[in-house]
Amino acid sequence: MPFLYSALGNWGTVWKCGCCGMPIIRKTTKAGGKAYSYYICATNKATKECSPHSIATDKLESAVLEMLQKHI
Ligand SMILES: [Zn+2]
Ligand SMILES: [Zn+2]
């Protein structure tokens with residue numbers, strides 16, 4: 001995920017868009033009666049000025065776990 005980076009602050013890991021620096025926000029959609037959640041760039045949601053860079057929630061969360069394990 002070259003478009004994402006995390007900043008380890010006092011309140012934990014924050015995921016941000018690598019191109020605009022805005023946070024990656026969670027979004028949920030329903031398709032075929034099933035709910036899917038994923039993260040997209042906040043700028044894309046607000047103004048469409050950035051690409052969505054959408055990533056599935058489980059993928060991001062496993063990437064977060066991987067990062068945490070590397071930091072410990
Ligand atoms: Zn962005
Ligand atoms: Zn972008």
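Every number for a ligand or one of its atoms is a count from 1 in the order of the listing.
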Fill in: N/O donor-acceptor pair under 3.5 Å between Thr57 side chain and Ser37 backbone
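A pair under 3.5 Å: yes.
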Worksheet entry | Cys17 backbone or side-chain N/O/S under 2.8 Å from the Zn ion (ligand 2) | no
Discussion item. Would you say the Zn ion (ligand 2) has His53 as a near neighbour, meaning an N/O/S atom of that residue under 2.8 Å away?
Written reply: yes
Worksheet item: Has Cys20 got an N, O or S atom lying less than 2.8 Å from the Zn ion (ligand 1)?
Response: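 Short answer: yes, at least one N, O or S atom is under the cut-off.
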Discussion item. For the CD1 atom of Ile25 and the SG atom of Cys41, what is their distance to the nearest 0.5 Å?
Written reply: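 Output value for this atom pair is 8.0 Å.
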Worksheet item: Roughly how far apart are Glu49 CD and Cys20 SG, rounded to 0.5 Å?
Response: 9.5 Å
Worksheet item: Is any side-chain heavy atom of Tyr38 closer than 4.5 Å to a side-chain heavy atom of Arg26?
Response: no
Worksheet entry | SG (Cys50) - the Zn ion (ligand 2) - SG (Cys19) angle, nearest 10° |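 Centred on the Zn ion (ligand 2), the SG/SG angle is 120° (to 10°).
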